[in-house]
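Because only heavy atoms are used, hydrogens play no part in the values below, and waters and symmetry mates are left out as well, while side chains stay in.
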There are 2 protein chains.
Amino acid sequence: MTSPSNVLRFASQQNVDCRACHLSSLCLPQGLSLEEIAELNDIAQPLAMLRKNEALFLQGMPFTSLFAVRSGSLKQVTTTETDEYLVTSFFLPGEMVGLDAIGEKSYPGSAVALETTTVCELPFERLDDLCASLPELRRRFHRNLSQEVHNERLMLRLLLRRTADVRLACFFFAMSERFRRRGYSPYRFRLAMSRGEIGNYLGLTVETVSRVLARYQQQGLLDIHGRDFHILDLERLSRLTEASGRRGAAG
Amino acid sequence: MTSPSNVLRFASQQNVDCRACHLSSLCLPQGLSLEEIAELNDIAQPLAMLRKNEALFLQGMPFTSLFAVRSGSLKQVTTTETDEYLVTSFFLPGEMVGLDAIGEKSYPGSAVALETTTVCELPFERLDDLCASLPELRRRFHRNLSQEVHNERLMLRLLLRRTADVRLACFFFAMSERFRRRGYSPYRFRLAMSRGEIGNYLGLTVETVSRVLARYQQQGLLDIHGRDFHILDLERLSRLTEASGRRGAAG
DNA sequence: CGCAGGATTGATTTCGATCAACTGGAGTGG
DNA sequence: CCACTCCAGTTGATCGAAATCAATCCTGCG
């Protein structure tokens, strides 16, 4: 249980132009006018840099900003009242961190870098103001939030009634899609998280993750070397994903 | 698998005043000024009435409105590509239906009445416009959406690593809280959904639900008669809720 | 009264957690 | 440079929780 050592060390020496944040690669600004994007960029803060195990924010810190991942990756973890350590999300480049904090006064979990990671900050106060004047942004923003609700709900509800095999297939398929959407190869990628973190995220033990991966490897579905994954048969993986669960039934 | 027979029959004969919707009992308007609430009420449509198994909207229908439950209750069900029937939520009086549709062009699931149910409609178009002019409403609204993300995420992620016992304890505890928050007794309530629907919602089979309930009954935790539930020992129920799960581990 | 669908109870099986031992690579220091 | 340690990952054996299969038992309802 490696607790994050430091918090949010801004690389303030490199006073990067806001546009370096490449907000345009985020889903939020799609469909906005150039002027609107410019306005949005204006509120974005310079890049911040995190090293492995450093936290972008800690659970319970007052909510002030959303963050866009520029490079690297993070996990979000929540510690429950019963001292359970739950990995609730992973964030890849181009994705938005902190959406689930908007309603709260404070962040509901800690965002911890899985490797060297850069992010840019979007002060929520200003984003909120901007929403008032830019209807398209507001709509985009609502859509983003809402899809988050929807995805999580369906995803987890499906996971709930899936075997370990299928859960992992879903995980890799989803990861593949996320890489594809951002313009990376959907077939080959490196995931910075450990087996334990994947297991935690999916509600499985390390041992089970390891065993299932071994089986996949031996079936020629994936080629795995440490944390480098190579999807050999995406088609079959996708079919596995759809294998119907076993639990629960009618309505 | 009882498929909803009809769709959305408005009781247009009873042309109720908007205020009858009692929007004030929803969480949304809390903290708004009287004027703001009035404006919000102005966009609310008259009551609609649904009989058991009638749908408020069907999965795939174009998204137009949110709905506030006035009396009765509903389930939301999603049919996946693999023809699985998933109960994704239950809605009680005072709660908001359709939040997870906001981002989409269409409703991601069908809302079906579990019993005779009345709702009032909030056309989203107008709510959205209103958000532009009422910052407090906008904030409220964001908060609502975001909490939905957060709750779902945590709830399901916990469920994922809980035994059947604990899942059901969570379910009843949550229900109890929801009734309490709306001013009803947190100890005695009738739930219109079947065992099968509860099981589906929690990712358990009917048999397991039945067995666990039997155990609870015999342990003097709940008193159960059909669909009437009487929580005898809320304290113990709450403690059960916190019993740490078994799956997954470190990070 | 009889029937249908929901609910309960029992027997068996299977999946994945748990416990435990071991491997291998990266980092450390003598 | 090699021994040692440490931790992530793998592999094996066992056990328990819940699904599955299979009868009933209610209970409201036409």
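Distance B:Q217 CD to C:dT9 P: 9 Å, rounded to the nearest Å. Between the CD1 atom of A:I224 and the C1' atom of D:dA8 there is a distance of 15 Å, rounded to whole Å. Put simply, CZ on A:R162 is 12 Å from P on C:dG16, counting in whole angstrom units. Between A:H225 atom NE2 and C:dA26 atom P there is a gap of 14 Å when expressed in whole angstrom units. Here the C1' atom of nucleotide C:dG27 and the NZ atom of A:K52 are 13 Å apart, to the nearest Å. Atom-to-atom, CZ of B:R161 to P of C:dG16 comes out at 15 Å; the value is rounded to the nearest Å. In this structure, the CG atom of B:L159 is 15 Å from the C1' atom of D:dA18, given to the nearest Å. Distance CG (B:L204) to P (D:dT20): 11 Å, rounded to an integer number of Å.
For A:R190, the CZ atom counts as densely surrounded, since its 6.0 Å shell holds more than 12 non-hydrogen atoms of other residues, nucleotides or ligands.
For the pair A:R215 and A:L221, the minimum side-chain heavy-atom distance is 4.5 Å or more. The shortest distance between side-chain heavy atoms of B:L213 and B:R195 falls below 4.5 Å.
The side chain of A:R227 contributes no N or O atom lying less than 4.0 Å from OP1 or OP2 of D:dA8. Contact between the side-chain N/O atoms of A:T205 and the OP1/OP2 oxygens of C:dG16 is not found at any separation under 4.0 Å. Look at A:T208 and you'll find a side-chain N or O under 4.0 angstrom from OP1 or OP2 of C:dA17. For A:R211, no side-chain nitrogen or oxygen approaches OP1 or OP2 of D:dG12 to under 4.0 Å.
With distances taken from any side-chain atom of B:A164 to the nucleotides C:dA17, C:dC19, D:dA18, the minimum falls on D:dA18. Of the candidate nucleotides D:dG9, D:dT11, C:dT8, D:dT11 has the atom nearest to the side chain of A:A214. In this structure, the nucleotide among D:dG12, C:dG16, C:dA7 sitting nearest to the side chain of A:E207 is D:dG12.
Between A:F189 and A:F179, the two ring planes are parallel [angle under 30°; tilted spans 30° to 60°].
Of the possible polar contacts, one joining the B:R167 side chain to the B:R162 backbone as a donor-acceptor pair under 3.5 Å is found.
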